[in-house]
Chemist: 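Structure below; questions to follow.
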Amino acid sequence: MDKYVELRDVKKIYKMGEVEIAAANGIDFYVNKGEFAVVVGASGAGKTTVLNILGGMDTATSGKVLVDGENIVKYSPKNLISYRRDDIGFVFQFYNLIPNLTALENVELALQICKEPLDAKEVLEEVGLGDRINNFPAQLSGGEQQRVSIARALAKNPKLLLCDEPTGALDYNTGKAILKLLQDTCRKQGMTVILITHNSAIAPMADRVIHIKSGKVSKIIENENPIPVETIEW
Amino acid sequence: MEIRKSMGRFLSIFFIVALGVSLFVGIRATEPDMILSGDAYVDENKLMDIKVVSTYGLTEEDADVIERLPAIESVEGAYSVDVLCEAGDNMKVIHVMSCMESMNSITIAEGRLPENENECLVDQDFLENSEYEIGDTIELESGTEDELTDTLKHTSFEIVGSGNSPLYFSIDRGSSTIGNGTVSGFAVVTPEAFDLDVYTEIYAMVKDADEATAFTEEYDVLVEDAIEQIQMIQNVRCEVRKDELASDAQLEIDDARKELNSKKEEAEKEIAENEDKLEDAELELKLGELQIESAKTQLETMKVVLETGRTELESMKQTYNEALTRLKEERAALDKEIKESEARIEELEGEAKEAAQQALEPMKESLAELDKEIATLETDGAAEIADYEKQLADAETQIADTEKEIQKAEKELKSGKNEIESGKAELEDAKEDIETQIADGEAEIDEAEDEIADIEVPVWYVFDRSSIPEYTGYGDNAARIAALAIVFPSIFFLVAALISLTTMTRMVEEQRVQIGTLKALGYSKFAIMKKYLYYALFATLGGSAFGVLVGEKLFPYVIIVAYKVVYTRIPHVILPYQWGVGVIATLIAVLCTGVATVSACYKELVAQPAVLMRPAAPQIGKRTLIEKIPFLWKHLNFTWKSSLRNLFRYKKRFFMTLFGIGGCMGLLMVGFGLRDSITSIATYQYGELQLYDSSVFISEDMEGESRAELTAYLDRNINVVAHMNVNMTSITAQNDENEVDAYLTVIDDLEQVEEFFVYRDRVSEKKFKLSDDGVILTEKASNMLGVDVGDTIYISEEGMNERKVEVTSICENYAGHYVYMTSTLYEELYEETPFYNNLLIKTDEELAFNDLQKIGEKILTYDNILNVQYTASLSGQLNDMLYALDQVMIVLIAVAGMLSFVVLYNLNNINITERRRELATLKVLGFYDGEVATYVYRENILLTLLGTVVGCGVGKFLHLFTITTVEVDMAMFGREIFPISYLYGAAFTIGFSALVNWMMYFKLKKINMVESLKSVE
């Protein structure tokens, strides 16, 4: 299969006066189209940096980041915005819904800016919130809010779904349900999903597991037979 | 510490407090500052406190008496006269006054004071606006029938300097009864330059008045007392003056009479002498006639003698001839005889012959004798005849001579007679002449005597400084500004309170965990609150201090400088700090922010620590009213929806912004509205209500004939569209509670009145007609009296002649107060026909002001014209006010701008910090910077628009309040704000908002998307 997303010797160096700190010190990995990839690493290992760079929120100091053949490291800030707008779906740890908009409106908000959106209501039904679409975020539970967040990301019909600790703020069962939703989405729709987590226990559900340590990829495991989330316990 | 972390927030409170405080203290301090500045000026220049003028001048003695009054510090007499001088094509009126030693000091701008009788110092303003320069000679003319030399010793003066007099407080130079009626400038000459026996005015300084601050009650009381004292002696002095005048006049009359008498005698004597001479001449003439008579008789006798002589000569000649003939005959006979004898003798010879011859011898002898005789006769006779003839010729010449002489004498006699005749005629004439002269003299004396009888008791007019043009206005202006000190700053204090409230609420919310921790640790509520109170207090006190320091200097300065457009010559701007006002303002500010802070903290402080430790439950999104209109709501996109919900969710911010923007708009509306109101006075009063261009004041002495001439002149002048007689009298209109000084205007010609006055209701613009049933009263007067249509008012002249009339209509009017009445009603009320002392003139609209002035000058050449006023010059004064207002406008715009800036900045600041995550998320979702910005701005824009709409209302109210406070009793400012001003105000407000938004754009750009990954605080 193609290398749909590929990072080649990606470095991110912050200059703090004289001292140079490398948050990412030559990261290399790739993810194929339709894969469910998990990036695992301890706090400070550089996984957030990877996420920022992949999500177009930050640029790498050097190296190449190829998404569907395009090197986004060379992108101008404006191009990066378009990239985020059209190619990326983002699922946040804390959902980041607009408190003043209902579930449906939160999804629609994202849709109004992209080219080929899906139907907001359908997506919400898909994530299992068909009956809560007119509720405000404050009226929804954490899991429900995260479902709205996922629906918002999916409805944009992105090339890549980036998830930042999507279960971090959720309880065990809800978290599992969310992970299942993500895995199902990947399988059913052929969506490329990259999930970033510090919880290595969920690694077996992924097609590809990338371990990051001290700004470098320590190992990559290709999982030929990922297991369903339901069977994982942690 | 905390402040550094939240600089924007701190500065918001700091600046709004600074604004409120500075405005409050600034406006408050302006009144005392203006008064102090004015006081310093008048004290420095030793401006008089009291001016006394009299109808018959004032004497040295008057001055002495006034000086002896206990309340009077010093006095000085002075002379002044209004004269005309040429300036360009026009004759300008100049007030010439004598230079004074002890008061009314002239501030010299250039050159020096006059030292000689023929030098003068000229008004700086006048000099700058004329072509005269220092060193030039200025020619003065009298504006009346009297010669200028009656008053001044010289009529031309050399300009040696320019300067200013404290007697002219503003650019207004007062009015005059000569020229075009408006004084253009003054000139100062030495007292010696005046040729007057008495002072035209006496100036006095009141004891202790220079220590009292001018324009204050204290000063007014002092001067009032002094005036009362002067008024007490005034009657006595006036009587004295009258007697003096009368006795002076009597003396003069006596002298005149004496002179007349001596003249009479002299003339009589002379006539008598002349008559004598004439008689002598006649006598001589008679004698001459007699002489001629006798000469003529003599001539006659001479002629007779000559005649007889002639006859004698004839007879002599006859006798002679007869004798000669006879002799000749005798001789011839003898000769014949001889011849015959000889012949016979011849025949005889010898003896015979001899005898015969002998006999012949005697014969021959007798012949010889005869011959001899004839010869003698011939010679003698001829000689005798010739002699006689000569005698006769002589006598003839004599006669001719005598005749000539007589003729000459007769001629002489004739001319003598003529001379005597003309002498007689001359004498007759002279006699008549002298008689008429004497009669005239006597008539004059009689008249003078009558005049003495007519000498009225002089009247003194005692003025205080309010007689100086604009002096009172200055004090009033100061007082009026103080009245604004409450309303305007209160907007700022309200906004300050709201800003503190929102800011502190936000701060407390942000730190709820910290508060919870402190509470859990056992800190008391107050101890925790202290931090926030100190924060607010610190910002407030800092802002107050800043506001007091800047405000007390800046605002009074700007306002006073603005007023200096009118009060050009007040050099000082004295701006002492008035700490009392500052303290009050600070207290108000502290109270506002303190209460706001406590109320912001209170909710969190009562909560349980455990609750505080958890993040605040997000506020539930609420649906707004607009959502109930699906049609509208469906068409809004989601950022719009979110914005609208935000807007109505945070009420404090909503009102803070609304008041802030509304206040900003309101302030701008006040500024632009003030302009409109003042413009209205001119445009409405002189453009729509009083349509005449000039009014001519006519003395009661004007005779019907010259009045007819004047009317005829106006009829002839093609530029004069219409003219109308009215009676304008100063009256007091009153009812039971109030009174108002107004002009009673009696209209003669009801057909023409609409050409000159428009009577209409201000609001409905309905027009009224003047009727005989009652009067039309002007709006402001009716408000001041509190009367309505149908009520009755009393009209009186200085408390006399009270008449009761009904108010039939109330008409729109802006300048002055008027009571309009028909002449029929007047006659009914006063039982006399009114004297039309005023002539209103309406000219062609195209007519240039210069040409109007020419008409005015022409009118002034008629006798008994007191004054000509031009509507245009009244409008001009209003334009000066407008100009002064421009400076105030700039301040208002600046203040309004700062208000909206602070409010919007604060709102944005809170919104942005609070919604950091939201905005970061939007960025992550791929919203462009512009889209993110519009999301935030939408709220600002909506609030700005809403605030602008609210501000229109606020502005209307503030404007109405301001003009009713600021306006003088004598005028009504326009109540309307022109639509264009709403546009200006809105443009400025929106502009300010745009500016803040533009600045915020950079702050928005800086928001890091990584924020979105952070946990909720």
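Keep in mind that this is a model prediction, so the values were computed, not measured. Chain identifiers are assigned alphabetically (A, B, ...) following the order of the sequence lines, protein sequences preceding nucleic acid strands; residue numbering begins at 1 within each chain.
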Chemist: Grab the two heavy atoms, one from B:Leu925 and one from A:Lys156, that are nearest each other, plus how far apart they are.
Modeler: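 Between these two residues, the closest heavy atoms are O-NZ, 2.9 Å.
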Chemist: Supply the atom-to-atom distance A:Asn96 CG to B:Leu919 CG, rounded to the nearest 0.5 angstrom.
Modeler: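 That separation rounds to 11.0 Å.
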Chemist: Step through the shown structure and confirm whether more than 12 heavy atoms of other residues, nucleotides or ligands are within 6.0 Å of NZ on A:Lys64.
Modeler: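 Counting neighbours around NZ of A:Lys64, 12 or fewer heavy atoms of other residues, nucleotides or ligands fall under 6.0 Å, so no.
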Chemist: Are any of the side-chain heavy atoms of B:Asp929 and A:Lys78 separated by less than 4.5 Å?
Modeler: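 Heavy-atom side-chain distance check fails, nothing below 4.5 Å.
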Chemist: If you measure from CZ on A:Phe92 to OG1 on B:Thr921, what distance do you get to the nearest 0.5 Å?
Modeler: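 OG1 of B:Thr921 is found 4.5 Å from CZ of A:Phe92.
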Chemist: Within a strict 4.5 Å, meaning less than it, do heavy atoms of the B:Phe927 and A:Arg84 side chains meet?
Modeler: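 No, their side chains stay 4.5 Å or more apart.
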Chemist: Return the CD1 to OH distance between A:Ile98 and B:Tyr935, rounded to the nearest 0.5 Å.
Modeler: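 OH of B:Tyr935 is found 5.0 Å from CD1 of A:Ile98.
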Chemist: Return the minimal non-hydrogen interatomic distance between A:Ile81 and B:Gly926, and the atom names on each side.
Modeler: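 What the structure gives for the nearest pair is CG2-O, 3.4 Å.
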Chemist: To the nearest 0.5 Å, tell me how far A:Arg85 CZ sits from B:Lys923 NZ.
Modeler: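 It comes to 13.5 Å.
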